[in-house]
Participant: 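After the structure tokens below, expect a handful of questions from me.
Start at 1 and go down the list; that is how both ligands and their atoms are numbered.
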Amino acid sequence: MKVLFVASECAPFVKTGGLADVIGAVPKTLAGMGVSVRVMLPAYPALAEIAASGEAVLELDDLHGGPARLIAASAAGLDLLLLDAPHLFDRPGNIYLDMDGIDWADNALRFGALAQVGARVALEGAGGWRPDVVNAHDWQAGLIPAYLHQAREGGAADVPASVMTIHNIAFQGLVDAGLMGALNLSPALYTSEGAEYYGHLGMLKAGVAFADRITTVSPTYAREILTPEFGMGLEGILGARRGVLSGILNGIDTEVWDPAADAALAAPYSAADPGGKAANRAALAKRFDLRADTDGPLFCVVSRLTGQKGLDLLLDALPALVARGGRLALLGSGDRDMEAAFVGAAHRHAGSVGVIVGYDETLSHMMQGGADAILIPSRFEPCGLTQLYGLRYGTVPVVARTGGLADTVIDANDAALEAGCATGVQFAPVTAPALAQAIERTCDLYADRPAWEAIVANGMAHPVGWDRAAREYLTLYEDACA
Ligand code: ADP
């Protein structure tokens, strides 16, 4: 089996969110299972050195305004195909946004080009390698299933199967339909059952409409996106294609995220030997200027600060957290108003609430290592990774009952406690009072040491690696090819 992954980000090279973790991990795990995988990415500046070490397998005279090459290279255990098109991708700063924080005006062409070249590799091969299946990820690769459909309609034989994976349906790549011609898309695709979305070209919608299989990153989210509340306008086309839609839960890299061997921690620890947690808790409290004289749990948040993540609700629930002797260490960045609101809350609750605005991978490890619980009050969450890190680090996830959060955390209700399977706290509806109640319930559980220790131990024993997901992807690819 040969599989081409096409995506706009990939850990450890370029990452703005969970998508990158999946692209960095699943191909590696599949390769370990004997699958031949290539990961195609834009050659951003962060990948320039790796690109320089590779070899060109395709040359294009003109790709939307400049020459381009596809470079085969290997790094971080991955076989990469890097689309080197400096006029599109050699830009400073964020991969999606210009210096003013606004989407690059030519994002449609930048990622349309990625999809075009991805489809070309699928149809013609590159460097003597051609995939059986293309797995397109999110809107940036969404046009690939459309190109492959177009090739089939045009009579091409032996067209690879396509899988469209939705990591976050909030980002849909809605662009000017006038670009269809420039992107070499047939007008025949521009229908309400196809690539058209209320007068625009919908890049994710095109993928959903034309892929042989559609996946998203948890079974609950796969059901949720069929509803108007979560489908963000795509519930109709998804409903029409529900027969090929499924959810495959993400995993995490259990080598990168291993409390027994994490260089970011003050002290290593494990389920068998959890004593090191105390030293990590103390280090974390110090880093966030939090008081030491309390018996309550130390909560953490590691998150983008956006409406999706529901952290505005946490602002409202903070008094309950503080009143119960809890402490909060928050690391996040995003919405400027929310950043300012949390900084203000840290001033108001000095010693109980500490806030660091920014993106800091090393600190995020320290937080998972040092906190007792991690708060994730998301309004929607396709899968979520931080609750999985939390389970692995014995940092009890307190989560909204939605998407992948609902699928990965077992609520510590009486029945689950009695059965000995609880791994965290879930709450619904996703409101400030329900979150405050969940925080109070967490404080109660924390005070009951045997119960708390059992929840921590259950979480640490929960399998969170990529093996299961990779096996499910492989079965799906085999099914799509058949
Ligand atoms: P999303 O992709 O919607 O942001 P996920 O939970 O799927 O949410 O993935 C978020 C990833 O980004 C996790 O690996 C998390 O640790 C990381 N992350 C988010 N914010 C920060 C931050 N401020 N500093 C460091 N890592 C962060």
Side-chain angles (χ1 to χ4, degrees), residues 7-26 94-96 137-140 165-171 216-218 220-221 230 232 247-259 262 264 284 287-288 300-311 314 328-336 338-339 342-343 354-371 374-393 395 397-400 402-409 424 464 466 469:
S8 57
E9 37 185 293
C10 175
F13 316 117
V14 244
K15 169 169 163 173
T16 73
L19 164 67
D21 294 288
V22 178
I23 305 303
V26 174
N94 185 287
I95 56 178
Y96 306 121
H137 293 268
D138 274 353
W139 71 265
Q140 293 88 353
T165 299
I166 302 169
H167 297 263
N168 190 337
I169 206 164
F171 304 110
T216 185
V217 289
S218 70
T220 294
Y221 194 61
F230 293 94
M232 303 215 172
I248 299 179
L249 261 179
N250 285 338
I252 59 171
D253 187 328
T254 50
E255 282 175 25
V256 173
W257 293 93
D258 179 3
D262 189 331
L284 183 61
R287 177 75 183 260
F288 279 81
C300 77
V301 169
V302 180
S303 183
R304 292 187 289 120
L305 300 181
T306 66
Q308 176 199 334
K309 299 295 180 180
L311 292 164
L314 178 57
L328 172 70
L330 178 141
L331 168 66
S333 60
D335 184 289
R336 296 287 140 85
M338 222 187 283
E339 288 177 358
F342 274 108
V343 170
V355 169
I356 294 180
V357 172
Y359 191 97
D360 186 335
E361 193 86 26
T362 305
L363 182 54
S364 75
H365 282 247
M366 252 185 91
M367 297 178 74
Q368 295 282 2
I374 180 160
L375 294 170
I376 313 170
S378 305
R379 291 193 165 85
F380 67 94
E381 194 60 79
C383 178
L385 295 172
T386 56
Q387 84 279 15
L388 300 177
Y389 304 149
L391 290 170
R392 178 124 172 102
Y393 278 63
T395 304
V398 179
V399 304
T402 187
L405 300 172
D407 291 334
T408 51
V409 175
V464 290
W466 279 107

Participant: How long is the gap from CD on Gln140 to CD on Glu9, to the nearest 0.5 Å?
Facilitator: 7.5 Å
Participant: Once rounded to the nearest 0.5 Å, what's the spacing between atom CE of Met367 and atom OG1 of Thr362?
Facilitator: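 If we round to the nearest 0.5 Å, Met367:CE and Thr362:OG1 are 12.5 Å apart.
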Participant: What I'd like to find out is whether the side chain of Leu311 reaches to under 4.5 Å of the side chain of Arg304, using heavy atoms alone.
Facilitator: no
Participant: Please walk me through it: do Tyr389 and Trp257 pass ring pair (Phe, Tyr, Trp, His ring centres under 6.0 Å)?
Facilitator: CA-CA 7 Å; Tyr389 304 149; Trp257 293 93; 3.7 Å; yes
Participant: Taking the side chain as every heavy atom from C-beta outward, state whether Tyr221 and Asp407 have any pair of such atoms under 4.5 Å apart.
Facilitator: no
Participant: One line per pair, note the atom names and distance for all nitrogen or oxygen contacts under 3.5 Å between ligand 1 and the protein.
Facilitator:
residue, atom, partner, partner atom, Å
ligand 1, 2 (O), Gly18, N, 2.7
ligand 1, 3 (O), Arg304, NH2, 2.8
ligand 1, 3 (O), Lys309, NZ, 2.9
ligand 1, 4 (O), Arg304, NE, 2.7
ligand 1, 6 (O), Leu385, N, 3.0
ligand 1, 8 (O), Lys309, NZ, 3.0
ligand 1, 14 (O), Lys15, NZ, 3.0
ligand 1, 14 (O), Tyr389, OH, 3.0
ligand 1, 23 (N), Gly358, O, 2.8
ligand 1, 24 (N), Asp360, N, 3.0

Participant: List in chain and number order the residues that pass side-chain hydrogen bond (donor to acceptor under 3.5 Å, both in side chains) with Asp253, two or more places apart in sequence or in another chain; answer none if no residue qualifies.
Facilitator: none
